[in-house]
Amino acid sequence: MRFATWNVNSVRQRLGLVTDWLSRNSPDLLLLQEIKCETAQFPAGAFQEAGYDSVVVGQKSYNGVAILSRVPATLRHRHLPGLEAPEGGEHHARYVEIEAGGIVFGNLYLPNGNSGGADGYQAKLRWMDALIAHARDMLASDTDFVLAGDYNVAPTDEDFATGALSADDALVRPETRERFRALQWLGLTDAVRAVTPRGPVYTFWDYQAGCWPRDRGLRIDHAMLSPRVAERLLSAVPDRMERDKPQPSDHVPVVVTLAD
DNA sequence: ATGTCCGTACATTACGGA
């Protein structure tokens, strides 16, 4: 079983890159974030031609998540259980969860937390609290699961290049990192770090300031594995070369292989 | 020191978000 997570920064702008990547890699599942379109605008037909079914949770302009699958998949949730919708509004399109091959896959796009002032940051922390509670519930029910996506968290100082972030950035503040560690203390395994314990393993390079040619990256896209899934972990690596393509996303796919 | 890209709308440029 092989799956990948990829923040594509507009699926319509990146359709050719995604279908090309699928044809070269043929994962069982591809978890997409920041599709930046409404569900009805998602190019499901193009992915169907490539052999993939789509489960889409979209919204206008921002956010949006989808799971492409070439194996049978069952929808479980269209938003993060236990999370309140914003005051007087709809849920942001930031979470979709399916079951495939005996494993639950939660695909998440965590709030960045740098916009909207203190309220925006608190919303990020509440989102993380709900994610921790959901992971705890799934562990309590003995469910095998993966929680993967754009966490907008650089868990340690090894996870960003010097000068790439300020110390008070929402991606690295102590309260952010404390919550990421809480997922680990529950017993979840950070797949990329389990395979590559030390040093830079970036998944994102900003479009600005020549971050890619200077390798000023961040490691913010993660796949967290429940214990029995972690025992099957064979590899977990970002596909760096995807950042070098014309008009790329600022994130690259992170590819995880599990023993069957 | 600075360097970008996406989608939207009171649209042909400005803006928020990342």
Side-chain angles (χ1 to χ4, degrees), chain A residues 5-21 31-44 46 56-66 85-95 107-128 131 148-155 159-173 175-177 180 202-222 238 240 242-254:
Chain A
T5 174
W6 193 2
N7 178 323
V8 287
N9 185 21
S10 173
V11 71
R12 291 177 294 175
Q13 290 296 320
R14 236 60 75 187
L15 181 58
L17 283 178
V18 176
T19 53
D20 183 60
W21 189 87
L31 282 53
L32 298 172
Q33 304 89 37
E34 278 206 276
I35 61 173
K36 290 190 170 176
C37 65
E38 295 177 288
T39 300
Q41 301 172 312
F42 188 81
V56 185
V57 175
Q59 71 176 80
K60 198 173 182 179
S61 304
Y62 305 117
N63 310 321
V65 289
E87 188 81 20
E90 292 292 302
H91 278 98
H92 289 176
R94 293 182 175 276
Y95 188 83
N107 176 20
L108 61 109
Y109 175 47
L110 226 146
N112 177 294
N114 281 309
S115 65
D119 289 348
Y121 185 58
Q122 288 307 310
K124 175 178 192 160
L125 298 181
R126 282 197 302 277
W127 212 101
M128 297 189 82
L131 186 66
D150 180 356
Y151 277 72
N152 270 313
V153 177
D159 295 317
F160 65 94
T162 304
L165 289 174
S166 68
D168 65 345
D169 194 285
L171 278 58
V172 297
R173 277 186 217 154
E175 300 91 331
T176 303
R177 287 177 162 176
F180 187 85
Y202 303 138
T203 66
F204 165 96
W205 295 259
D206 199 293
Y207 290 121
Q208 298 189 67
C211 282
W212 168 244
R214 299 160 72 181
D215 198 23
R216 272 199 173 192
L218 314 176
R219 191 177 77 91
I220 56 177
D221 300 274
H222 310 298
R240 280 177 64 97
E242 208 56 30
R243 188 63 177 78
D244 219 27
K245 303 255 169 166
Q247 279 117 46
S249 171
D250 38 7
H251 299 249
V252 297
V254 175

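The chains referred to below are lettered A, B, ... by the order of the sequence lines, with proteins before strands, and numbering in each begins at 1. Side-chain atoms are counted along with the backbone in the values below, which use heavy atoms only and exclude waters and symmetry mates.
- Using a 4.0 Å heavy-atom cutoff across all strands shown, A:F204 reaches no nucleic acid atom at all.
- To the nearest angstrom, C1' of B:dA18 lies 16 Å from CD1 of A:I35.
- Taking the C1' atoms as reference points, B:dA11 lies 16 Å from B:dC6, given to the whole Å.
- Taking only side-chain atoms of A:Y207, from C-beta outward, the nucleotide of B:dT4, B:dG7, B:dA18 with the closest atom is B:dT4.
- The minimum heavy-atom distance between A:H91 and A:Q59, with the atom names listed, is O-OE1, 4.4 Å.
- Across every strand in view, B:dT2 sits unpaired, with no contact that passes the Watson-Crick or G-U test at under 3.5 angstrom.
- For the atom pair A:W6 CH2 and A:L32 CG, the distance stands at 8.0 Å (nearest 0.5 Å).
- Counting non-hydrogen atoms under 4.0 angstrom, A:Q208 reaches a base of the nucleic acid.
- What separates CG of A:D169 from P of B:dA18 is a distance of 12 Å, to the nearest Å.
- Rounded to the nearest Å, the gap between the C1' atom of B:dT12 and that of B:dG7 is 16 Å.
- With 3.5 Å as the limit, one finds a donor-acceptor pair spanning the side chains of A:E34 and A:N7.
- Listed candidates were B:dC6, B:dA18, B:dT8. Nearest to the side chain of A:R94 is B:dA18.
- Here the P atom of nucleotide B:dC5 and the CG atom of A:L17 are 14 Å apart, to the nearest Å.
- Side-chain atoms of A:R12 lie closest to B:dT8 of the nucleotides B:dT8, B:dA18, B:dG17.
- For B:dA14 and B:dC10, the C1' atoms lie 12 Å apart once the distance is rounded to whole Å.
- Rounding to whole angstrom units, CG of residue A:N9 and C1' of B:dC6 are separated by 6 Å.
- Considering only side-chain atoms of A:S61, the nucleotide from B:dT8, B:dG17, B:dT4 that sits closest is B:dT8.
- Of the residues listed (A:W205, A:F204, A:Y207, A:Y109), the one engaging A:H251 in a ring pair (Phe, Tyr, Trp, His ring centres under 6.0 Å) is A:F204, and it is the only one.
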| request: Report the C-alpha separation of A:D206 and A:R216 in whole Å, then their side-chain angles, then the decisive distance to 0.1 Å, and conclude whether the side chain to side chain contact (heavy atoms under 4.5 Å, CB included) test is met. | output: CA-CA 8 Å; A:D206 199 293; A:R216 272 199 173 192; over 6 Å; no

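- In this structure, B:dA14 forms a base pair with B:dT8, meeting either the Watson-Crick or the G-U wobble geometry with both donor-acceptor distances under 3.5 Å.
- Between the CD atom of A:Q13 and the P atom of B:dA18 there is a distance of 18 Å, given to the nearest Å.
- Going from atom CD of A:Q59 over to atom C1' of B:dA18 covers 14 Å, rounded to whole Å.
- Using a 4.0 Å heavy-atom criterion, one finds that A:R14 contacts the sugar-phosphate atoms exclusively.
- Mapping A:G210 and A:H251 onto DNA chain B by nearest heavy atom places A:G210 closer to the 5' end of the strand.
- Regarding A:K36, its NZ atom lies at a distance of 9 Å from the P atom of B:dA18, rounded to whole Å.
- For the atom pair A:Y202 OH and A:C211 SG, the distance stands at 10.5 Å (nearest 0.5 Å).
- Rounded to a whole angstrom, the distance from the C1' atom of B:dT8 to that of B:dG3 is 25 Å.
- Of the two residues contacting DNA chain B, namely A:S115 and A:K60, the nearest-nucleotide position lying further toward the 5' end is that of A:K60.
- Atom P of nucleotide B:dA18 and atom CD1 of A:I220 are separated by 11 Å, given to the nearest angstrom.
- Distances were taken from every side-chain heavy atom of A:R214 (C-beta onward) to each of B:dC6, B:dA18, B:dG3; the shortest belongs to B:dG3.
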